Amino acid sequence: MRKPMIAGNWKLFKTIEESVALLDELKPLVKDIKNVEIVVAPVFTSLSRVSDAVENSNISIAAQDCYWEEEGAFTGEVAPKLLINAGCSHVIIGHSERRQYFGETDSTVNKKVRAAINAGLVAIVCVGELLSERESNRTFQVIETQIIGALSGFNADDLKHIVIAYEPVWAIGTGKTASTEQAQEVHLYIRELIAKKFNPETSGAVRILYGGSVKPDNVKNLMEQPDIDGALVGGASLKAESFAAIAAFNV
Ligand code: PEP
């Protein structure tokens, strides 16, 4: 069925040396974990070196963003094919911090996802509501707009290269986790949306990760929910021990 994915978003933390050191610590801790896809997303400058560091391990590398053009006069941007060149297999797109601080919109997310999967990357597409949106009962409406916007123009085959991450913004880096019920109902809603927009087979196969203060002590309950297929982890991915414990949720 759906292979669980545990992905660590290292955000703007760690030098190249610190990133490699973290992976050197992590590799032996997760080496026996089977049937879980383990991914980490370091900063751009570390990607090439960490890709070498995870060779022959069960850890894959993601970038935290990409641009939608292949090349050109786009100062500061990084194209999907260059991420592949640096050893990435995955890319996170539309993280709420990019939406909040860097003007990411559903339309730019859509273009980036298209470019990423055309280049051969798996796109981890983030959606999630703000606290004010949840409090005004607009969670489902916001999620629907983000999902429809991100996936506009895609077909069922494209969905094989896309993972959705539901990350309620109010739960990111705050220590507040959505309750298992709150998370499950949004995951189910996303799966139903995908069934409507594509087909039931695609919806049954797409992986939907939960993100927002996932820790070793709450991952098991979250992963027991029928529509939660993994986790996108920020803070707890910066320590080998806690990230390994999350990846070992079913051991
Ligand atoms: C994230 O950055 O995607 C995230 C979920 O962060 P945290 O686990 O720290 O809440």
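Just so it is clear, the structure is predicted and the values come from calculations on it, not from any experiment. Both ligands and their constituent atoms are indexed starting at 1 by order of listing.
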Note, [X] side chain near [Y] side chain (heavy atom, < 4.5 Å):
X: K111; Y: Y67; answer: no
X: Y166; Y: L232; answer: no
X: I92; Y: R98; answer: no
X: W170; Y: R134; answer: yes

Task: Pair W10-Q64, side-chain donor/acceptor within less than 3.5 Å - done: no
Open item on the list: Just to verify, which of R191, K3, R207 counts as forming a side-chain hydrogen bond (donor to acceptor under 3.5 Å, both in side chains) with D229?
Closed with: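 The option that passes is R191.
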Task: Residue shell around ligand 1, heavy atom under 4.0 angstrom - done: N9, K11, H95, E167, A171, I172, G173, G211, G212, S213, L232, V233, G234, G235
